[in-house]
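Since the structure comes first, as structure tokens, the remarks are kept for the end.
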Amino acid sequence: MSDRVVVALDVGGTGMKCALVRPDGVVVRTERHPTDATRGPAAVVGTVLDVADGLADKARADGFTPIAVGIAVPGVVDEARGVAVWSANVGFRDVPLRDLTVKRLGLPTALGHDVRVGGLAEARLGAGRGTGHVLFVAIGTGIAAAHVVDGTAAVGAHGAAGEIGHILVRPDGPRCGCGRPGCLEAMASAAAIGRRYAELAGETADAPVTAAEVAERAAAGEQLAGQVWQEAIEALADGLASGQALFDVATIVLGGGLAQAGDQLLTPLRAALHERMTFHREPQLVAAALGDEAGCLGAALLALDAVGVRDHQEKR
Ligand SMILES: [Zn+2]
């Protein structure tokens with residue numbers, strides 16, 4: 001039993017995080033490879049298949065038996081058909097990545113959405129472990145979420161569940177990348193925080209301020225940074241309150257770059273969320289525990305689920 005592993009890949013715009021993972025969740029090998037998306041989608045697919053095939057070979061060389069492959073990709077993913085439908089930063093357009101992988105490696109393969117499988121990993125192995133109902137919210141350049149119930153993430157009828165970043169929180173707010181004004185993502189993503197600060201400070205585009213710098217300046221007592229930070233907190237609390245009204249989760253796990261602000265984010269956000277709870281129950285609000293490995297671990301879990309193996313829940 002213990003010699004079985006799954007091959008897991010988390011394909012991002014700049015890099016691929018890859019691993020061999022045992023059914024109990026233990027990682028036995030990790031690799032990182034550049035995605036180099038400028039080469040075009042066909043070349044990226046070629047690299048994905050080469051890396052997966054290479055990992056399966058290394059597993060066999062080390063005495064393991066690869067039983068399945070899990071691949072996480074960003075963008076719009078049709079998990080049921082195993083198709084990477086659309087991705088801005090990797091360049092995928094209707095790529096049948098699951099079938100291509102099955103054909104190349106001869107192993108059962110599952111394809112998942114990067115944030116959704118990240119949520120799966122945080123819910124089953126990370127900060128949401130043992131709490132049953134989890135909302136994982138990744139706050140980076142954009143904002144996306146995964147709703148996980150008893151270890152399974154909802155995919156949605158069209159593969160687009162969890163787009164919490166496009167909840168309307170400020171009707172008069174800035175225009176979102178999706179084309180509509182006032183989305184949560186346009187108010188409280190790391191990119192939005194940097195933009196808002198630069199706008200109010202009148203700084204030029206060649207001196208952009210990151211959300212992390214806004215957080216630092218706010219902590220140091222700078223009034224403008226404090227105001228921008230608090231505006232983002234209030235918008236996030238509105239979005240999370242909507243999430244809680246819909247899903248009634250036990251735990252909200254915050255991941256992505258912005259969550260690295262730690263208590264500077266969590267403490268005021270807990271207070272703002274508390275203010276918004278009326279009859280519904282307040283969730284625990286915690287920082288993600290798995291860091292940038294969550295997507296890769298989640299891809300492994302998806303692969304294990306595809307072949308009906310869930311040892312890690314019993315053992316960990
Ligand atoms: Zn939007």
Side-chain angles (χ1 to χ4, degrees), residues 12-13 37 72-79 84-94 112-119 135-148 153-200 205 208-212 214-215 227-247 249 252-259 261 265 269 272-273 276 283 285 288 295:
V73 297
V76 179
V77 182
D78 186 335
E79 296 195 1
V85 176
W86 182 87
S87 157
N89 49 5
V90 185
F92 290 155
R93 301 284 182 277
D94 288 315
H113 179 260
D114 59 351
V115 173
R116 207 172 295 137
V117 301
L135 186 66
F136 171 68
V137 182
I139 310 169
T141 312
I143 300 180
H147 180 214
V148 184
V155 175
H158 313 93
E163 292 288 358
I164 198 171
H166 303 283
I167 285 182
L168 177 65
V169 293
R170 298 288 180 273
D172 303 325
R175 192 162 294 278
C176 178
C178 76
R180 230 177 45 150
C183 291
L184 176 59
E185 185 168 301
M187 291 295 304
S189 66
I193 292 170
R195 259 196 320 268
R196 178 73 175 146
Y197 181 87
E199 181 191 316
L200 292 181
V209 178
T210 65
V214 174
Q227 178 199 326
V228 169
W229 190 250
Q230 190 57 33
E231 279 177 12
I233 298 278
E234 299 291 332
L236 269 177
D238 286 334
L240 295 183
S242 293
Q244 183 63 358
L246 287 169
F247 302 127
V249 294
I252 295 178
V253 178
L254 293 186
L258 203 68
L265 175 69
L269 188 53
L273 188 57
R276 286 159 175 79
L285 189 64

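When a ligand or atom number is given, it counts from 1 through the structure's own listing order. Bear in mind the structure is a predicted one, so any value in this text is a computation, not a measurement. Along the sequence shown, residues are numbered consecutively beginning with 1.
- You'll find the side chain of Ile167 stays beyond 4.5 Å of the side chain of Asp238, heavy atoms only.
- For the Zn ion (ligand 1), the nearby protein N/O/S atoms, meaning those under 2.8 Å, are His166 ND1, Cys176 SG, Cys178 SG, Cys183 SG.
- In this structure, Asp94 and Val85 have side chains that are in contact, with non-hydrogen atoms separated by less than 4.5 Å.
- The residues Glu185 and Arg180 are annotated as not salt-bridged, no charged nitrogen and carboxylate oxygen being separated by less than 4.0 angstrom.
- Using a 4.5 Å heavy-atom threshold, the side chains of Ile193 and Arg196 count as separate.
- Annotation: the span from Ile164 atom CD1 to Ile252 atom CD1 amounts to 7.5 Å, rounded to 0.5 Å.
- One distance of note links CG of Leu273 with CG of Leu240; it measures 6.0 Å at 0.5 Å rounding.
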